[in-house]
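Residue numbers count from 1 along this sequence. All ligand and atom numbering here is 1-based and tracks the order in the structure.
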Amino acid sequence: MSSLNQWIDEYHEGSRFGLNGKILIKHKSKYQEIIVIENEFYGRALMLDGCWMTSLKDEKYYHECLVHPALSSLDEKSNVLIIGGGDGGTARECIKYSQISKIDLVEIDEEVIKISKKFLKEIGGEAWNDKRLNIHIDDGVQWVKKTRANFYDVILIDCSDPSEFSNLLFSDSFYRECERILTNKGILATQSESPESFKNTHISILKSLKKIFRVSETMYSFVPIYPSGIWSWTFASKDVIHLSKQNCNEVLKIEKGCEIWNLNFQNAAFKMMPNKIVQELNS
Ligand code: SPD
């Protein structure tokens, strides 16, 4: 691998988002091209098929927002399903909750896990050694289909942007299956793309979840290395959800240990829907 610094860009609809640095690995798996680069400001960063996924410096913006609004507000959270999440960041945030007894992480591409463990080991951290974490190399859509009804208390969808091989993770049929395997008081949390750089996909996810679940709420924050920076996460349930209930000691302790997420941040983030999105959802 070249020791010279070079630019690696994510191209997105006439814009590009680049990081400069030394490429540590460039590997073609059965599913996608995987690159890890070492950047001066963001540290090591992972790119899959031309899209930035995460970096050591900014990953907490993403993983803390996907996990804590759901887990901190739930009373029952024994069984957790993570779809995707092969870098381990989502699992790392989950293991902070003592009530969780089992986490199934279903990642289609084994190479993403291997490369993350080797080059980005801080992201998964202790999760990789946690007895509650069960890794399954499988297709998330198939996994959900073969799971019995009312099984998971939490489903966390930590997927890439829509593409030929991830499209189904954004479909009504998949969300319906998720609804089926979720417990009655359970919460589904999904990254729901950007209201700016992925506006149509964002609106389509929100409309689907609103149609299929009794309640769904979206929060907005930033992921600096993603196209346009502004990002969203949506939380849905068959029951009425109270996403601001962080009142037990464990949650207060978790809140103190977070870099980005806290209750105030979350409450504000749920009120950040840009008006153009509000209007399109109402039209
Ligand atoms: N534009 C990139 C969206 C990717 C979301 N998933 C990131 C995976 C981090 N665990």
Side-chain angles (χ1 to χ4, degrees), residues 8-13 15-19 29 31-37 42-68 70 80-95 103 105-109 111-117 119-125 127-128 133 135 140 155-167 169-170 188-202 204-205 218-234 259-261:
I8 300 286
D9 292 325
E10 171 170 352
Y11 291 85
H12 184 75
E13 296 180 2
S15 307
R16 60 183 186 182
F17 303 86
L19 293 180
S29 76
Y31 297 98
Q32 56 204 338
E33 183 187 63
I34 308 172
I35 295 177
V36 178
I37 189 172
Y42 286 105
R44 295 183 172 192
L46 172 70
M47 175 179 257
L48 299 182
D49 262 354
C51 300
W52 294 116
M53 289 294 123
T54 200
S55 77
L56 293 187
K57 169 116 178 176
D58 85 335
E59 56 97 3
K60 295 204 169 81
Y61 277 101
Y62 176 89
H63 294 118
E64 290 181 3
C65 287
L66 178 65
V67 173
H68 296 303
V80 176
L81 171 64
I82 301 173
I83 294 174
D87 53 56
T90 296
R92 181 203 65 221
E93 292 304 314
C94 289
I95 61 163
I103 303 168
L105 186 155
V106 181
E107 165 62 59
I108 199 165
D109 193 344
E111 300 295 317
V112 172
I113 298 185
K114 283 192 184 150
I115 288 174
S116 299
K117 280 184 173 174
F119 293 96
L120 304 158
K121 57 179 186 303
E122 299 90 331
I123 294 186
W128 297 129
L133 181 68
I135 296 172
I155 301 175
L156 301 162
I157 306 176
D158 182 5
C159 57
S160 320
D161 303 321
S163 68
E164 213 179 301
F165 92 92
S166 68
N167 265 342
L169 294 174
F170 297 85
L188 170 136
T190 184
Q191 71 92 354
S192 43
E193 302 287 328
S194 169
E196 179 63 21
S197 53
F198 286 87
K199 183 168 157 252
N200 292 342
T201 313
H202 174 64
S204 148
I205 297 169
T218 301
M219 67 179 264
Y220 296 86
S221 179
F222 321 94
V223 183
I225 67 165
Y226 289 175
S228 81
I230 182 165
W231 214 254
S232 77
W233 297 261
T234 299
E259 193 171 300
I260 307 297
W261 174 84

Practice item. For Gly84 and Leu105, work out which heavy atoms get closest and say how close. Key: O-CD2, 3.5 Å
Review point. By ring pair (Phe, Tyr, Trp, His ring centres under 6.0 Å), which residues pair with Tyr61, not counting sequence neighbours?
Key: none
Any donor-acceptor pair under 3.5 Å linking the side-chain atoms of [Y] with those of [X]?
{"X": "His63", "Y": "Glu59", "value": "yes"}
{"X": "Asp158", "Y": "Thr90", "value": "yes"}
{"X": "Ser194", "Y": "Ser228", "value": "yes"}
{"X": "Thr190", "Y": "Thr234", "value": "no"}

So what's ligand 1 close to, N/O to N/O, under 3.5 Å?
| unit_1 | atom_1 | unit_2 | atom_2 | d |
| --- | --- | --- | --- | --- |
| ligand 1 | 1 (N) | Asp161 | OD1 | 2.9 |
| ligand 1 | 1 (N) | Asp161 | OD2 | 2.9 |
| ligand 1 | 6 (N) | Tyr62 | OH | 3.1 |
| ligand 1 | 6 (N) | Asp158 | OD1 | 3.4 |
| ligand 1 | 6 (N) | Cys159 | O | 3.0 |
| ligand 1 | 10 (N) | His63 | NE2 | 2.7 |
| ligand 1 | 10 (N) | Asp87 | OD1 | 3.3 |
| ligand 1 | 10 (N) | Asp87 | OD2 | 2.5 |
| ligand 1 | 10 (N) | Asp158 | OD1 | 3.2 |
| ligand 1 | 10 (N) | Asp158 | OD2 | 2.9 |

